Amino acid sequence: MTEQEKTIRTTCPYCGVGCGVLATRHPDGTVTVAGDPKHPSNFGRLCSKGSALGETLSLDDRLLYPEIDGERANWNDALDLVARNFQDAIREHGPDSVAFYVSGQILTEDYYVANKLMKGFIGSANIDTNSRLCMASSVAGHRRAFGSDTVPGTYEDLELADLVVLVGSNLAWCHPVLFQRLEAAKAANPALRVVVVDPRKTATCAIADLHLQLKPDTDVALFNGLLAFLAEASVVNDSYVNHFTQGLEKAVEAAGPCEIGQIAEKTGLSRQDIALFYKMFARTEKTVTVYSQGVNQSVVGTDKVNSIVNTHLATGRIGKPGMGPFSVTGQPNAMGGREVGGLANMLAGHMALENAEHRGIVQDFWQSPVVADRSGLKAVELFKAVREGRIKALWIMATSPVDSLPDADGVAEALEACPFVVVSEVTRAADTVPYANVLLPAAAWGEKDGTVTNSERRISRQRAFLELPGEVRPDWWHLSEVARRMGFAGAFSYEGAAAIFREHAELSGYRNEGSRDFDIGAYRDVTDAAFDALEPFQWPQPAGALPTDTRFFAGGGFYTESGKGQFVPVVFKAPRQTERRYPFSLNTGRIRDQWHTMTRTGKTPRLTAHFAEPFAELNPIDAEKLGIDPADLVTVKSPYGAVVVRALLTDRVAPGEVFVPMHWTDQLASKARIDAVMAPETDPHSGQPGSKFTPVAVAKAKMAWFGFAVLRQRPEKIAADYWALAPVPGGYRLEFAAKADADFAEIAAALTSSSNETTDISDGAAGWRRLAEWRDDVLQAAFFFSASPVEVSRQWACGLLGEGPVSPQERARVLAGRVPADRPDPGALVCSCFQIGCNQIAEAARCGATSVSAIGETLKAGTNCGSCRSEIQTLLDEIAKDSLDDADIAQAS
Ligand SMILES: Nc1nc2c(c(=O)[nH]1)N[C@H]1C(S)=C(S)[C@@H](COP(=O)(O)OP(=O)(O)OC[C@H]3O[C@@H](n4cnc5c(=O)[nH]c(N)nc54)[C@H](O)[C@@H]3O)O[C@H]1N2
Ligand SMILES: Nc1nc2c(c(=O)[nH]1)N[C@H]1C(S)=C(S)[C@@H](COP(=O)(O)OP(=O)(O)OC[C@H]3O[C@@H](n4cnc5c(=O)[nH]c(N)nc54)[C@H](O)[C@@H]3O)O[C@H]1N2
Ligand code: SF4
Ligand SMILES: [Mo]
């Protein structure tokens, strides 16, 4: 390593696994990353997104200076204006006329300051967060059962278990490193069984011994049935139940008798599969049930959580090695946000807003003029209030509600109508930016310092390794400066993240004495230097105690009034039916290589190659009925809004269901914000929207022509009824289409510079036309037009931008666009690290590489980050099945 090279230990800014990252800054300004072998979450592993972090740090789209009404401003004016508008609103309309909407992607220190300002100094609880869309049902379920929002287990439990049940969790794509740990545990312990409960066949199913492909939102029927089964088969742990819990009888009564036939009817599962699952669960002491958004993001999400937790309380399988219900968090700091009380119905330090004693503790500690004493507006209600003019000043930080909240067009209207909107952002290429009266430039990953808490309650440092560019400042600074200007200088005079962390740690231990789960009092006096060097640690960590058991509730000790864990009686409610006009149920979620609204992962070709445009997974049976062919464009529509996306025909989804990823925004596609389609219906206990279910109509979007282009420059404006843009090495790729006939030469010219030379070839009979533009013999853009979806190898076409000068005589050959014989089409990308496509894997399999490791040896695919290993497995399974089928056919004929 040269002298200027510097390696810093930090934490990945994406998912809740919370992997340790070694970031090395090189003298040429580039940054490379590697997994931190010493970090106890990942032990050196990183997934595809984590591995590509170094490629997402460019400043080209960064917000570098404050802006007022779209004009660059200085910090002082911007902060004064924010403080004045908030103060004016509070004076005229009261504290509940202002609100913050923040995010599980800010650091604990940012979050702590936001919550303190709103609840203790402004005196309203109108601070909510995108965790409402993410973890709120788990929080509500935990509090009902445990009396506190406690995750009882640790990651190690997945490795120590003999049965891991994954409910509504696509772990392979969404918590890839945890998935890899599970995969490795399964390889080491052949007795370990994995059950996946998901209406969709996901990549996670590659390691499943049993996939329960249930009907959407019928999980409560499945787990109530399990509780009844356990009770009837006397698998209840009487000692645990009698000593440490209350309410089993009522819960069993609510669940009703275990009638497998009825459960099969409700869930759409086969009786055999249900019985098999119940028996596996009953006989396997070491069972962990991991759950995620298929559980939380539902109008019955909290009941789903408790139906799962009930089965673990009944068996006493909680807080012991290899056992427990385990809600895995999505965002890097979803847990930190919960610890500081960032939700509208929570208080700092895992204290309860409705508890007068807790409010007293917090107010006394903060020495604050007030402390909010009733729940503020939860995300969906909050934006409804904004739309109705009840919120006069709103501050949005590190989240994009016009993309991620249901009825997203309604949210956009709300922001339009709001008298004063502040947005703290890192990029100007975010859909919220146009709605901001004041834009505050925030420090991004690599520039900011502080802590995050992962799914297993492990607190790790994010450390800066880059200077703050332009005038960007960390989020906690934005908040503290406004607080100072609102007259609260004394309580917000922080010098840095360490000072905030100390205060947060001290509050967690303040008048605690074991009465609250969250206690990191041991760190209340941490020095700046010790904070810099802080090693990842799990809470609880009270002052004066040695780190001991990091699990909860094996021996009771619940935080309820009685100290006992509570069974919550839950009753299965049949999910809302789809209707004649909206006959499909829309499911939404994530893909392997993109993070939410793509503001970072959408910047690197390595991550966009896996899926380069928005799509709808549709079962081939439905497609046939609707006259939809592969690669057609389709409209997915509800009474709230519509998207136009590419049809992806696959039996991964069941007939009657359609899955659309949540990622595409107006930055990279014409009309793909799927939350514009989602109904704003929420769980009554948690306020979490049911982002996995909305009745929709699906129809072919008829187009007069389709186009595909590779372009050296990003086009300024794209005039087409459908378009989707993605970066490729050396430029961009564009898919587009329109309903009306058009002049292709004009379209091409409008997307590029007019000074280019053009080559134009067409095949009238085959119905296609191709145009290429050149400058100094170098390809600037290539266009492929056709009356039907363009059939050209995308990998080959994207590679054209990498070719050197081409003489005029050769240009037609370039355009002819057949993959040269010596360079077979690699096919759809599977391995993003080594850019290996499915055709290459199929070819290797035909040559004998029939296992994931053999593919790794032959092609290197899957040998770096490992995120694609489950897809390789699925491909190999399909190839094996196809060749068996072929053999059957051959035999039969
Ligand atoms: N690659 C990637 N990883 C991520 C993220 C990302 O954006 N990209 N985001 C992170 C965040 S914030 C989160 S919250 C997590 C989310 O992680 P996950 O919850 O694992 O991901 P999702 O794709 O949202 O949904 C999981 C599954 O729920 C299923 N599901 C839908 N309806 C039901 C139902 O009624 N019952 C059951 N049992 N299952 C159902 C869906 O089919 C889907 O496969 O991922 C985190 N990790
Ligand atoms: N239909 C549907 N909708 C969903 C979901 C779903 O499964 N289906 N999932 C929901 C869930 S679980 C989640 S977590 C949400 C996520 O949805 P969002 O929170 O809206 O998505 P992000 O893209 O993560 O938004 C983060 C924003 O913060 C910016 N940013 C990044 N770092 C910083 C920083 O340090 N400071 C500041 N100030 N800004 C920063 C990014 O540029 C980006 O614009 O979506 C929810 N919406
Ligand atoms: S699993 Fe991937 S996205 Fe999640 S923290 Fe680890 S490297 Fe980051
Ligand atoms: Mo999330």
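Please read all numbers here as calculations on a predicted model, not as lab measurements. Whatever order the structure lists ligands and atoms in, that order sets their numbers, starting from 1.
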*Measure across Glu657 and Pro216 and return the closest heavy-atom pair with its distance rounded to 0.1 Å.*
OE2-CD, 3.3 Å

For ligand 2, which of its N or O atoms have a protein N or O partner closer than 3.5 Å, and how long is each gap?
from	atom 1	to	atom 2	distance (Å)
ligand 2	1 (N)	Thr588	OG1	3.1
ligand 2	1 (N)	Asp675	OD1	3.2
ligand 2	1 (N)	Asp675	OD2	3.1
ligand 2	3 (N)	Asp675	OD1	3.3
ligand 2	3 (N)	Asp675	OD2	2.7
ligand 2	7 (O)	Gln297	OE1	3.2
ligand 2	7 (O)	Gln297	NE2	3.3
ligand 2	7 (O)	Arg590	NH1	3.1
ligand 2	7 (O)	Lys692	NZ	3.2
ligand 2	8 (N)	Thr588	OG1	2.8
ligand 2	9 (N)	Gln297	NE2	3.0
ligand 2	9 (N)	Arg590	NH2	3.0
ligand 2	17 (O)	Ser404	OG	3.4
ligand 2	19 (O)	Asn130	ND2	2.7
ligand 2	19 (O)	Thr399	OG1	2.9
ligand 2	20 (O)	Thr399	OG1	3.2
ligand 2	20 (O)	Ser400	N	2.8
ligand 2	20 (O)	Ser400	O	3.4
ligand 2	20 (O)	Ser404	OG	2.7
ligand 2	23 (O)	Thr597	N	3.0
ligand 2	23 (O)	Thr597	OG1	2.5
ligand 2	24 (O)	Gln105	OE1	3.2
ligand 2	24 (O)	Gln105	NE2	2.6
ligand 2	24 (O)	His596	ND1	2.9
ligand 2	28 (O)	Ala398	O	3.4
ligand 2	35 (O)	Ala443	O	3.3
ligand 2	35 (O)	Lys448	NZ	2.8
ligand 2	36 (N)	Asp475	OD2	2.8
ligand 2	38 (N)	Ser424	O	2.9
ligand 2	38 (N)	Asp475	OD1	2.9
ligand 2	42 (O)	Glu425	OE1	2.9
ligand 2	42 (O)	Thr599	OG1	3.0
ligand 2	44 (O)	Glu425	OE2	2.4
ligand 2	47 (N)	Ser404	O	2.8

_Working to the nearest 0.5 angstrom, can you tell me the gap between Tyr14 OH and His596 NE2?_
11.0 Å

_Straight-line distance of Met135 CE to Gln331 CD, nearest 0.5 Å_ =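 The CD atom of Gln331 is 9.5 Å from CE of Met135, to the nearest 0.5 Å.
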
Heavy atom under 4.0 Å from ligand 1: found in [X]'s side chain, backbone, both, or neither?
{"X": "Val295", "result": "neither"}
{"X": "Phe659", "result": "neither"}
{"X": "Thr202", "result": "side chain"}

Any idea which atoms of ligand 1 are less than 4.0 Å away from a heavy-atom of [X]?
{"X": "Asp217", "value": "34 (C), 35 (O)"}
{"X": "Ser169", "value": "20 (O)"}
{"X": "Lys49", "value": "1 (N), 2 (C), 3 (N)"}
{"X": "Lys304", "value": "34 (C), 35 (O), 36 (N)"}
{"X": "Val167", "value": "38 (N)"}
{"X": "Pro216", "value": "35 (O)"}
{"X": "Trp173", "value": "1 (N), 2 (C), 3 (N)"}
{"X": "Arg200", "value": "42 (O), 43 (C), 44 (O)"}

*Between Arg463, Arg473, Arg461, which is the residue that forms a salt bridge (charged side-chain N to carboxylate O under 4.0 Å, His left out) with Asp449?*
Arg461

*So among Arg576, Lys573, Lys304, which one has a salt bridge (charged side-chain N to carboxylate O under 4.0 Å, His left out) with Asp217?*
Lys304

Report yes if [X] has an N/O atom closer than 3.5 Å to an N/O atom of ligand 1; otherwise report no.
{"X": "Ile591", "value": "yes"}
{"X": "Asp593", "value": "no"}
{"X": "Val197", "value": "yes"}

Taking the side chain as every heavy atom from C-beta outward, state whether [X] and [Y] have any atom pair closer than 4.5 Å.
{"X": "Arg458", "Y": "Thr11", "value": "no"}
{"X": "Val305", "Y": "Val295", "value": "yes"}
{"X": "Pro401", "Y": "Thr432", "value": "yes"}
{"X": "Val653", "Y": "Asn587", "value": "no"}
{"X": "Phe179", "Y": "Ile207", "value": "yes"}
{"X": "Phe277", "Y": "Leu222", "value": "yes"}

*Any luck finding a side-chain donor-acceptor pair between Ser327 and His142 under 3.5 Å?*
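There is no such pair (donor and acceptor under 3.5 Å, judged by atom type) between the side chains of Ser327 and His142.
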
*Partner set under salt bridge (Lys or Arg N to Asp or Glu O under 4.0 Å) for Asp475, not counting sequence neighbours*: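 With sequence neighbours excluded, Asp475 shows a salt bridge (Lys or Arg N to Asp or Glu O under 4.0 Å) to Lys448, given in chain and number order.
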
_Using 30° and 60° as the class boundaries, would you call the ring planes of Phe611 and Trp173 parallel, tilted or perpendicular?_
perpendicular

*May I ask you to decide if Gly301's main-chain N or O and Ser137's side chain share a donor-acceptor pair within less than 3.5 Å?*
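Not confirmed, Ser137 side chain does not pair with Gly301 backbone.
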
*Sorted by first residue and then second, give each ring-ring contact (aromatic ring centres under 6.0 Å, His included) pair with at least one member in residues 447-468; sequence neighbours left out.*
Trp445-Phe465

*Taking only protein atoms, how many N, O or S atoms are found under 2.8 Å from atom 4 (Fe) of ligand 3?*
1

